[in-house]
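Data block below; observations after.
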Amino acid sequence: MEGGEGLKKKPIEYPYIPEGRKIEYVPMNNEFIQAAKRFAFEHSLDRHMPTGSVVVVEGEIVGFGANGSDYHENNECERKKLGSKTGTDYDKCEGCHPKNHSEPRAIADALSKGQDIEGADLYLWGHWWCCEPCWDSMVDAGIQHVYLAEGSEELFNKESERNIVNHQFDDVDESWK
C-alpha cells in the first residue's frame, strides 16, 4: 500500500444527525458504556432493542436512562402497522414515543437531581444512532459529546449481518443476573 493508505472504514450513514454534531466511539469495555449496558439490562422494558444511557459530568455518572414502556405488552406497535421507516413516526405510537427513549430519560434523571449538565457527555448502549427528538433533547440540555460502543453501527443495526439484536446480553456474566 502506497502513501500509508490502509483499509479505510466506510463512513457511517446515520438515519439522522444534526448539522455540526457527531457521534464518537469508545471501546466496548469502556466503563460508561458498560454502565449504560448494565442499566439497560436491569431496567429496559424493550426486550427487542433494549438501550441504556448515562450522562457523565467530570468523570461521574449523574443520570441514568433506559428505554421502553409497557404499551407494547397490551397493544400493537402503531409504527409496525404503518410500516414506518427507522426513525420516523414516533409520535404515532405511545410505546415508541421519544419520552420512552433512554437518552431523554437519562437527561431527565440528571436534571431531577439538580445536576448542571451543560457540557456533559452521554454514553448510549444498544443502538447505532440517535433519532432527531433525542438529538434535540441532548442539544437543548447542553450535552457536548455523544458516545457509542465501537462497532455499534453493525452490532445494533437490524440490517447488518453481524447484528446482535435479541442477543445483546448473551455475554452478561452471572453477577449481573
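- In terms of heavy atoms, Ser152 sits closest to Ala149 at OG-O, 2.6 Å.
- Of all the heavy atoms in Ile61 and Ala35, the pair that sits closest is CD1-CB, 3.6 Å.
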Show me the donor-acceptor pairs, under 3.5 Å and distance only, between side chains in residues 113-133 and residues at least two apart or in other chains.
unit_1, atom_1, unit_2, atom_2, d
Lys113, NZ, Asp109, OD2, 3.0
Asp116, OD1, Glu118, N, 3.1
Asp121, OD1, His145, ND1, 3.0

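- The distance from the CG atom of Asn163 to the CD atom of Glu159 is 9.0 Å, given to the nearest 0.5 Å.
- Rounding to the nearest 0.5 Å gives a distance of 9.5 Å between CG of Asn74 and OG of Ser69.
- To the nearest 0.5 angstrom, Ile143 atom CD1 is 10.0 Å from Glu103 atom CD.
- The line from NE2 of His72 to CZ of Arg47 is 14.0 Å long, rounded to the nearest 0.5 Å.
- Counting heavy atoms from C-beta outward, Arg21 and Val139 have side chains that approach closer than 4.5 Å.
- For the pair Gln168/Phe41, no side-chain contact is recorded, criterion being any heavy-atom separation below 4.5 Å from C-beta on.
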- Run the side chain to side chain contact (heavy atoms under 4.5 Å, CB included) check on Val146 and Met138 step by step: do they pass? CA-CA 9 Å; Val146 176; Met138 291 186 289; 3.7 Å; yes
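- One distance of note links CG of Asn67 with CE of Met49; it measures 8.5 Å at 0.5 Å rounding.
- Taking all atoms of both residues into account, the shortest heavy-atom contact from Ser137 to Pro104 is OG-CB, 3.9 Å.
- Contact of the His48 side chain with the Val165 side chain is registered, since non-hydrogen atoms from C-beta on lie closer than 4.5 Å.
- Residue Val172 is grouped with residue Phe32 when hydrophobic side chains (ILVMFWY) are merged at heavy-atom distances under 4.5 angstrom, including chains of intermediate members.
- What you find for Trp135 and Ile23 is that their closest heavy atoms are CZ2-CG1, 3.8 Å.
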Side-chain donor/acceptor pairs under 3.5 Å, residues 88-99, sequence neighbours excluded:
unit_1, atom_1, unit_2, atom_2, d
Thr88, OG1, Lys85, N, 3.2
Thr88, OG1, Lys85, O, 2.7
Asp89, OD2, Ser84, OG, 2.6
Glu94, OE2, Lys99, NZ, 2.5
His97, ND1, Lys99, N, 3.1

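- Side chain to side chain, Arg105 and Asn100 meet the donor-acceptor criterion of an N or O pair below 3.5 Å.
- Using a 4.5 Å cut-off on side-chain heavy atoms (C-beta onward), Asp171 and Lys37 make contact.
- Here the NE2 atom belonging to His167 is positioned 12.5 Å from the CG atom belonging to Leu155, to the nearest 0.5 angstrom.
- Minimum heavy-atom separation, Phe169 to Pro50: CE1-CG, 3.5 Å.
- Residue Phe39 is grouped with residue Ile164 when hydrophobic side chains (ILVMFWY) are merged at heavy-atom distances under 4.5 angstrom, including chains of intermediate members.
- Nearest heavy-atom pair across Glu76 and Tyr71 is O-CE2, 3.7 Å.
- Listed for the Asn30 side chain is a donor-acceptor partner under 3.5 Å among the backbone atoms of Ile33.
- Few gaps surround CD on Glu24; more than 12 heavy atoms of other groups in view lie less than 6.0 Å from it.
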